[in-house]
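Below is one structure, written out as structure tokens; the observations come after it.
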Amino acid sequence: MKVVIVGGVAGGATAAARIRRVDEEAEILVFERSGYISYANCGLPYHIGGTIADPAALTLQTPESFFSRFRVTMKVRHEVTAIHPDKKTVTVKDLATGEIFEESYDKLILSPGAKPTQPRIPGAGADRVFTLRTVEDTFRIKAYIDEHHPRSAVLAGGGFISLELAENLRELGMEVTIVQRPRQLMNPFDPDMAAFIHGEMRQNGVKLVLGRTVEGFVEKEQGVDVLLKEEAPLHADMVVLAIGVTPDTALAKAAGLALGIKDSIVVNDRMETSVPDIYAVGDAIQVEHYVTGQETLLSLAGPANKQGRIVADNICGGDSRYPGSQGSSIIKVFSMTAAVTGINETNAKKAGLDVDKVILSPMDHAGYYPGGELMTIKVVFEKETYRLLGAQIVGYAGVDKRIDVLATAIHARLRATQLMELDLAYAPPYSSAKDPVNMAGFMIDNIEKGILRQWYLEDLEKLPRDGSVTLLDTRTAGEYRRGHLEGAVNIPVDALRERLDEVERDRPVYVICQSGLRSYIACRILAGNGYEAYNFAGGYRLYDAVADDRCLVRSAAPCGMDR
């Protein structure tokens with residue numbers, strides 16, 4: 001059996017290695033148009049910033065090391081220019097010599113990946129306008145920085161690459177501005193959770209220009225002008241386009257393969273395309289979302305590796321199936337960590353799901369053990385069924401552990417209430433006896449049992465201010481003075497029982513505290529005394545972060561604390 005693989009990196013290289021481990025006799029040939037067959041895409045920004053100093057560390061395998069271990073022939077700087085399914089051949093161009101030849105196959109695996117989205121706007125191809133996707137892109141940017149010592153950069157786009165690059169350019173002492181058409185960074189996160197990411201970026205000197213559209217670039221002797229729609233241009237010494245990626249599927253399209261979203265390659269759960277004996281994996285394919293069942297695009301290394309293994313098994317006579325992509329991901333944002341799995345509240349509603357959520361701000365480990373830090377967790381679940389849909393976490397320590405537990409729970413199709421049943425490891429330096437994931441489960445269980453009734457950030461503007469409801473702040477007097485909701489009455493939770501006569505009994509009470517814990521206790525006190533009480537999800541900490549962020553996005557000016 002002769003297997004030809006188009007593209008290396010995550011999907012293609014994984015498939016090649018797995019085929020060899022399963023079939024010692026197969027002939028395996030990989031064509032990769034870049035100079036690198038297996039490299040760490042996710043590490044590229046960290047080489048630019050110097051965290052990964054040795055460029056060789058980015059190269060996971062070389063053609064020589066791959067052949068030595070797996071007897072796989074790796075042809076770098078070779079571009080497959082056409083597929084001929086009727087003849088079961090591909091046309092290949094040697095980019096070093098210009099030679100063009102045909103190569104036959106029994107099985108063909110397409111792993112072409114995705115390419116940086118290039119907007120059709122003036123100046124996108126200018127010398128000081130870069131993209132970052134390959135090792136070559138990385139070396140080009142780093143060489144420019146080392147030679148020209150730019151002092152400022154504009155990054156167009158607000159996804160993973162942009163945020164990681166912003167951090168690394170700041171580490172080099174550069175002024176960094178991110179321009180993004182949506183009004184938030186990191187679209188996998190809901191706007192309320194993205195507000196914490198925005199705060200961390202601003203605290204570290206990154207300027208955010210959100211809700212603005214880039215219309216072009218004008219290269220000048222001293223740098224680049226970034227033209228914005230209905231705004232004054234931004235000026236920088238260099239620009240990096242990081243507005244997303246597009247499936248690189250020109251080959252598949254020309255060969256007549258069925259295509260889906262953004263011309264991505266359509267595959268079944270065995271990674272088979274619409275043409276016999278042709279398979280596809282990685283960023284170029286359309287996948288089914290594990291939570292919604294809807295077709296989607298998810299450019300992540302983990303799924304590409306899994307798909308490479310699955311296609312290899314199937315080519316070698318097995319029957320492996322891909323269950324879909326869940327979108328679990330994590331990013332370092334200076335000293336903060338932000339992570340997500342499943343779908344967020346915004347996309348769940350777009351998918352037509354009836355959803356609820358809990359938001360909590362626990363410590364990463366026992367409060368009495370030194371060094372604990374807060375994290376904010378948002379868990380989204382389906383009403384009625386309590387099916388887990390997704391989770392988002394922003395914090396400092398322990399974020400990765402909790403998001404992986406929640407990702408596993410979603411994959412196992414646990415009900416949201418079952419989070420309280422998970423038997424998770426505890427010692428004071430690492431967690432609390434009631435782990436944050438368990439706490440989310442306790443809260444959702446309280447909702448199901450009618451013990452916890454919530455109100456939300458989006459309810460604030462609709463809350464009557466005519467005296468028909470009571471807005472109660474149960475924090476300390478000092479916390480209240482430092483910032484509070486307009487019209488809120490302050491009665492600290494520990495004094496509430498003695499001061500119940502100050503709370504009108506014939507109207508609903510909407511309660512808030514810093515994180516949601518003290519206000520929950522206050523709600524139980526009120527409910528036990530005959531009141532109708534609702535707890536604010538996420539607490540004043542969430543409100544403050546979102547309100548300040550919205551003000552800054554609108555005005556790009558500091559905002560006051562009292563609202």
Side-chain angles (χ1 to χ4, degrees), residues 10-11 110-114 117 158-160 181-182 184 186-194 243-249 252-253 257-274 279-308 310-311 320-330 339-357 378-393 403 406-416:
L110 302 180
S111 180
T117 302
F160 287 91
R181 184 187 303 174
Q184 70 166 82
M186 297 298 292
N187 285 331
F189 292 80
D190 286 314
D192 51 2
M193 298 297 283
I243 58 176
V245 294
T246 303
D248 193 355
T249 57
K253 189 173 186 177
L257 275 65
L259 302 179
I261 302 169
K262 293 185 178 179
D263 281 348
S264 57
I265 302 170
V266 172
V267 296
N268 61 18
D269 60 358
R270 288 171 48 85
M271 316 315 299
E272 296 168 326
T273 71
S274 60
Y279 302 74
V281 298
D283 294 352
I285 70 170
Q286 174 179 285
V287 296
E288 181 180 293
H289 198 287
Y290 185 78
V291 175
T292 66
Q294 297 177 347
E295 302 300 336
T296 189
L297 300 178
L298 285 171
S299 299
L300 296 168
N305 276 279
K306 296 180 184 73
Q307 293 156 9
I310 289 167
V311 76
S320 292
R321 307 278 174 160
Y322 186 64
S325 295
Q326 195 170 305
S328 301
S329 54
I330 191 166
V340 63
T341 187
I343 57 172
N344 60 28
E345 180 186 8
T346 304
N347 289 332
K349 289 178 176 177
K350 286 180 181 177
L353 297 171
D354 189 15
V355 301
D356 202 351
K357 64 201 171 193
K378 180 175 184 177
V379 178
V380 181
F381 57 95
E382 191 173 27
K383 289 181 180 178
E384 304 300 330
T385 67
Y386 285 84
R387 177 169 66 112
L388 274 171
L389 299 176
Q392 302 154 64
I393 309 178
I403 204 69
L406 288 161
T408 303
I410 292 170
H411 185 81
R413 302 195 186 281
L414 297 186
R415 294 180 86 243

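Only heavy atoms go into these numbers, but all of them, side chains included; no hydrogens, no water, no symmetry mates.
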Inset, instruction - Would you mind telling me which of V379, L388, I343 makes a side chain to side chain contact (heavy atoms under 4.5 Å, CB included) with I410? - result: L388
Inset, instruction - Just jot down the salt bridge (Lys or Arg N to Asp or Glu O under 4.0 Å) partners of D248, sequence neighbours excluded, or say none. - result: R33
Inset, instruction - Apply side-chain hydrogen bond (donor to acceptor under 3.5 Å, both in side chains) to S320 and list each qualifying residue two or more places apart in sequence or on a separate chain. - result: D313
Legend entry - CD-OH distance between Q307 and Y322, expressed to the nearest 0.5 angstrom: 4.5 Å
Inset, instruction - State, with a plain yes or no, whether a side-chain heavy atom of I285 is found less than 4.5 Å away from one of P247. - result: no
Inset, instruction - Heavy atoms only: give me the nearest H289-G342 pair and the separation to one decimal. - result: NE2-O, 3.9 Å
Inset, instruction - Could you tell me whether the side chain of T296 reaches within less than 4.5 Å of the side chain of Q286, counting heavy atoms only? - result: no
Inset, instruction - Identify the two heavy atoms, one from E345 and one from V355, that lie closest to each other, and give their separation to 0.1 Å. - result: CG-CG2, 4.1 Å
Legend entry - Distance in Å, L414 CG paired with T408 OG1, rounded so as to fall on 0.5 Å steps: 9.0 Å
Inset, instruction - To the nearest 0.5 angstrom, please state how far the OG atom of S264 sits from the CG atom of L297. - result: 4.5 Å
Legend entry - Selection residues 281-304 - residue pairs positive for salt bridge (Lys or Arg N to Asp or Glu O under 4.0 Å), sequence neighbours left out: R133-D283
Legend entry - F189: partners by ring-ring contact (aromatic ring centres under 6.0 Å, His included), with sequence neighbours left out: none
Legend entry - Flag side-chain contact, heavy atom, 4.5 Å: L110 against V281: no
Inset, instruction - Please name the pair of heavy atoms, one in S325 and one in L298, separated by the smallest distance, quoted to 0.1 Å. - result: CB-CD1, 3.4 Å
Legend entry - CG-NZ distance between L257 and K253, expressed to the nearest 0.5 angstrom: 12.5 Å
Inset, instruction - Search all heavy atoms of V266 against all heavy atoms of G260 and return the closest pair with its distance. - result: CG2-N, 3.5 Å
Legend entry - Pair listing, salt bridge (Lys or Arg N to Asp or Glu O under 4.0 Å) test, anchored in residues 264-273, at least two apart: D269-R321, R270-E272, R270-D319
Legend entry - Least distance between heavy atoms, P188 atom then V340 atom: O-CG2, 3.7 Å
Legend entry - For I403 against A391, the heavy-atom pair lying closest together: CD1-O, 3.8 Å
Inset, instruction - With sequence neighbours left out, write down each residue that passes side-chain hydrogen bond (donor to acceptor under 3.5 Å, both in side chains) with T385, or none if nothing qualifies. - result: E382
Inset, instruction - Quick one: pull up OG1 in T249 and CG in D263 and give me the separation to the nearest 0.5 Å. - result: 5.0 Å
Legend entry - Spacing of CG belonging to N268 relative to OH belonging to Y279, to within rounding of 0.5 Å: 9.0 Å
Inset, instruction - Could you tell me whether R413 sits above the aromatic face of Y290, with NZ or CZ closer than 6.0 angstrom to the six-membered ring centre and within 45 degrees of the axis? - result: yes
Inset, instruction - Pick out which of D192, N344, D190, T341 makes a side chain to side chain donor-acceptor pair (under 3.5 Å) with Q392. - result: D190
Inset, instruction - Please step through side-chain contact (heavy atoms from CB on, under 4.5 Å) for the pair R415 and F381, ending with a clear verdict. - result: CA-CA 8 Å; R415 294 180 86 243; F381 57 95; over 6 Å; no
